[in-house]
Amino acid sequence: MSYDLVTEFEARGLVHQSTDAAALREWLATPSRRVYAGFDPTADSLHVGHLVALVLLRRVARAGHEPVALVGGATGMIGDPSGRSDERNLLSPAELEANIAGVGRQIRAVLASAGDRVHVVNNADWMRGVGYLEFLRDVGKHFPLSQMLAKDSVKSRLERDGGISYTEFSYMLLQAWDFVHLSDALDCRVQIGGSDQWGNITAGIELGRRLRSRDLHGITCPLLTKSDGTKMGKTASGAIWLDPKRTSPYRFYQYWINLDDADAGRCLLRLTEVPLGEITDLDTRRAANPAARDTQKRLAEELTRLVHGEAGLASARQATEIFFGAEIASLDDAALSEIFADVPSHEFPRASLDGEGLPLVEALKATGLAQTASAARRTIEQGGGYVNNRRVTDPAHRLTVGDLVGSSTLVLRSGKKSYAIARFV
RNA sequence: GGGGAGUUUCCCGAGCGGUCAAAGGGGUCAGACUGUAAAUCUGAUGGCAUUGCCUUCGCAGGUUCGAAUCCUGCACUCCCCA
């Protein structure tokens, strides 16, 4: 069943700027229209910052259209200056290759459950054969320098010390050509992206008009930022990635659980497909009883399922239960390594447990939970040292065979949330 | 080229011969409170060690019983006048 995509976007606060809304609506009134968004393969995994665009494409599919995800194999070689304050480091072809593969897989995985007509394309496929002179004549000719210089992405960089290289300056030509090419090849006439993409999108629309006399459309959505002004998905320990090898489902889940009240509602609206009525309901409940954190739970659940599937969600939940509750003693080695998958672990010789045993201070230091033995001692004295979730207050405490959970493992913790695994082999 | 100011422990910043591992603030870590939040409060914050020991105050020397503190040289930073 299709519904009006534009109305849906507006209701969810996803429209920052758009070309003529009436024309857009009209074009989208026919089912199976193709709508594209681009992803730069700057890493081998997408991160939380890409979720808006990804979910946008899901909504396209849900609305009965066909999402086109462009992975920028060609543009990735150049680097998009939009939203950047300095020049990018160029990626090697091998890195790029790996990134394209990784990002493409993730996009397919997330879009798969929204519809089966999903297109993932790589602009290197059509850019590769294009000669430089040919490109300058056919595409470059249609770009007045005055307009290019007026784009925010270029202007802000020109005013800075580092300036902008010719390479990055040319980026918008490539993206503009992508749009025209996709309109030729797939009859794709709508491009969506973050608000920083407006300049690139309009460049493509302009080129479509000049080259093909064709009406192309564009929508940008507001960049999702947190109420404290920082970027969504950035934490002290780095970005939150979609790849479970980089960010485990547990940490992904926890990121959303820990979100401020002020941000949670907005994320639910923009990043999930939870019906509007339910979101309003959650808003009310949150105002009445913020401590329940229903919104965060729902959000974490939806997104973890979307990115990591039911199995990922289940393991994140199980880990959460253990991390914040309870008894570890009853678990076996396999369950432990499953739950504490992304917790740093350290191996000790089995013999260190014999006799007097291994000083806890040593273990905390070796696992990285404490920088130095002094710091470890301090943590314990202040009540922040735990073995298998049980507080230990004696700084001279030694670990022995009796402390093992399962047959060879033991769980150390410093403070509320820092865990480490000690294996004795 | 001339004149002046500075370089302190993760950061900012006091200290100007012994009581200095070095005030204060920030950050960080831990605890309490709480909603696995925010704010707040408490404690800790060079290293090693069960009283104590060792290494730090730009670098290298020197004076002294004793220096982050005084002297000499070197390096770097900043300001003012040309």
Side-chain angles (χ1 to χ4, degrees), chain A residues 48 224-238 240 247-268 271 282-304 313-328 339-344 355-399 411-420:
Chain A
V48 161
L224 197 54
T225 54
K226 299 213 293 180
S227 50
D228 61 10
T230 57
K231 266 189 195 162
M232 188 58 80
K234 288 274 183 220
T235 67
S237 51
I240 303 293
T247 301
S248 72
Y250 165 73
R251 275 204 296 139
F252 185 86
Y253 181 85
Q254 283 294 318
Y255 177 76
W256 302 107
I257 286 285
N258 278 316
L259 213 58
D260 285 344
D261 296 353
D263 300 317
R266 213 153 30 97
C267 284
L268 205 54
L271 295 177
L282 280 165
D283 286 342
T284 316
R285 298 214 324 251
R286 186 170 65 250
N289 180 20
R293 298 200 329 289
D294 291 328
T295 310
Q296 281 91 335
K297 281 179 189 159
R298 189 66 207 272
L299 181 66
E301 185 184 304
E302 285 293 321
L303 291 176
T304 308
L313 177 59
S315 86
R317 276 184 165 147
Q318 193 192 7
T320 296
E321 230 168 86
I322 297 297
F323 276 57
F324 292 96
E327 227 17 75
I328 285 178
I339 291 165
F340 292 94
D342 60 346
V343 154
E356 291 233 286
L358 177 71
L360 177 57
V361 168
E362 283 299 313
L364 287 173
K365 184 178 159 194
T367 52
L369 284 181
Q371 292 292 307
T372 63
S374 298
R377 185 175 299 274
R378 238 178 269 134
T379 302
I380 297 168
E381 280 168 354
Q382 294 182 130
Y386 295 81
V387 176
N388 300 327
N389 272 358
R390 289 210 194 88
R391 178 178 281 175
V392 173
T393 49
D394 176 14
H397 183 82
R398 281 164 176 272
L399 301 169
V411 180
L412 299 173
R413 179 178 137 203
S414 160
K416 288 197 172 68
K417 296 184 191 174
S418 311
Y419 280 85

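Letters go in sequence order (proteins before strands), and every chain restarts at 1.
- Of the C1' atoms belonging to B:A67 and B:G18, the separation is 9 Å, rounded to the nearest Å.
- No contact: A:Tyr253 has no heavy atom under 4.0 Å from any strand.
- A salt bridge is absent between A:Asp294 and A:Lys297; no separation between the charged side-chain nitrogens and carboxylate oxygens falls under 4.0 Å.
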For a salt bridge (Lys or Arg N to Asp or Glu O under 4.0 Å) check, start with the C-alpha distance between A:Arg398 and A:Glu362, then their side-chain angles and the critical distance, and finish with the verdict. CA-CA 9 Å; A:Arg398 281 164 176 272; A:Glu362 283 299 313; over 6 Å; no

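- For A:Ala291, counting side-chain heavy atoms from C-beta on, the closest listed nucleotide (B:G35, B:C48, B:G31) is B:G35.
- Nucleotides B:A21 and B:A49 have their C1' atoms positioned 16 Å apart, rounded to a whole Å.
- Counting any heavy atom pair closer than 4.0 Å across all strands shown, A:Asp261 reaches a base atom.
- In this structure B:G35 sits in no base pair that meets the Watson-Crick or G-U test at under 3.5 Å.
- As rounded to whole Å, 10 Å separates atom C1' of B:C29 from atom CD of A:Gln371.
- Distance check on atom C1': B:U8 versus B:U77 gives 15 Å, rounded to whole Å.
- In this structure, A:Gln254 reaches the bases: a heavy-atom distance under 4.0 Å links it to at least one base atom across the strands shown.
- For the pair A:Gln296 CD and B:G35 C1', the interatomic distance rounds to 9 Å; values are reported in whole Å.
- Note on A:Ser374: a side-chain N or O is less than 4.0 Å away from OP1 or OP2 of B:C48.
- Backbone-only engagement by A:Arg378 is indicated by non-hydrogen atom pairs under 4.0 Å involving sugar-phosphate atoms exclusively.
- In the set B:G47, B:C48, B:A30, B:A30 carries the atom at the smallest distance from any side-chain atom of A:Ser418.
- Rounded to a whole Å, the CD atom of A:Glu381 is 11 Å from the P atom of B:A44.
- If you measure from atom CZ of A:Arg413 to atom P of B:U36, you get 13 Å, rounded to the nearest angstrom.
- Using a 4.0 Å heavy-atom criterion, one finds that A:Arg391 contacts the sugar-phosphate atoms exclusively.
- With contacts defined as side-chain heavy-atom distances shorter than 4.5 Å, the pair A:Arg286/A:Leu268 does not qualify.
- A:Asn258 has its CG atom 18 Å from the P atom of B:U34, to the nearest Å.
- Remark on RNA chain B: of its neighbouring residues A:Ile257 and A:Ser414, the 5'-side contact belongs to A:Ser414, judged by nearest-heavy-atom nucleotide.
- Counting heavy-atom neighbours within 6.0 Å of A:Glu381 CD, excluding the residue itself, gives a total above 12.
- Two residues, A:Gly384 and A:Leu259, neighbour RNA chain B, and the one matched to the more 5' nucleotide by heavy-atom proximity is A:Gly384.
- For B:U36, the OP1/OP2 oxygens have no side-chain nitrogen or oxygen of A:Tyr419 closer than 4.0 Å.
- Within the model, atoms CZ of A:Phe323 and CG of A:Asn389 stand 9.0 Å from one another, a figure rounded to the nearest 0.5 Å.
- In this structure, the side chains of A:Arg266 and A:Leu271 stay at 4.5 Å or more apart for every pair of heavy atoms.
- The side chain of A:Lys417 has B:A37 as its nearest neighbour among B:C48, B:G35, B:A37.
- Between the C1' atoms of B:A32 and B:C20, the separation comes to 33 Å (whole Å).
- Here A:Ala373 lies in heavy-atom contact (under 4.0 Å) with sugar-phosphate atoms only.
- Close to B:G47, at under 4.0 Å from its OP1 or OP2, lies a side-chain N or O of A:Thr372.
- Look at the C1' atom in both B:A14 and B:C53: the space between them is 28 Å, to the nearest Å.
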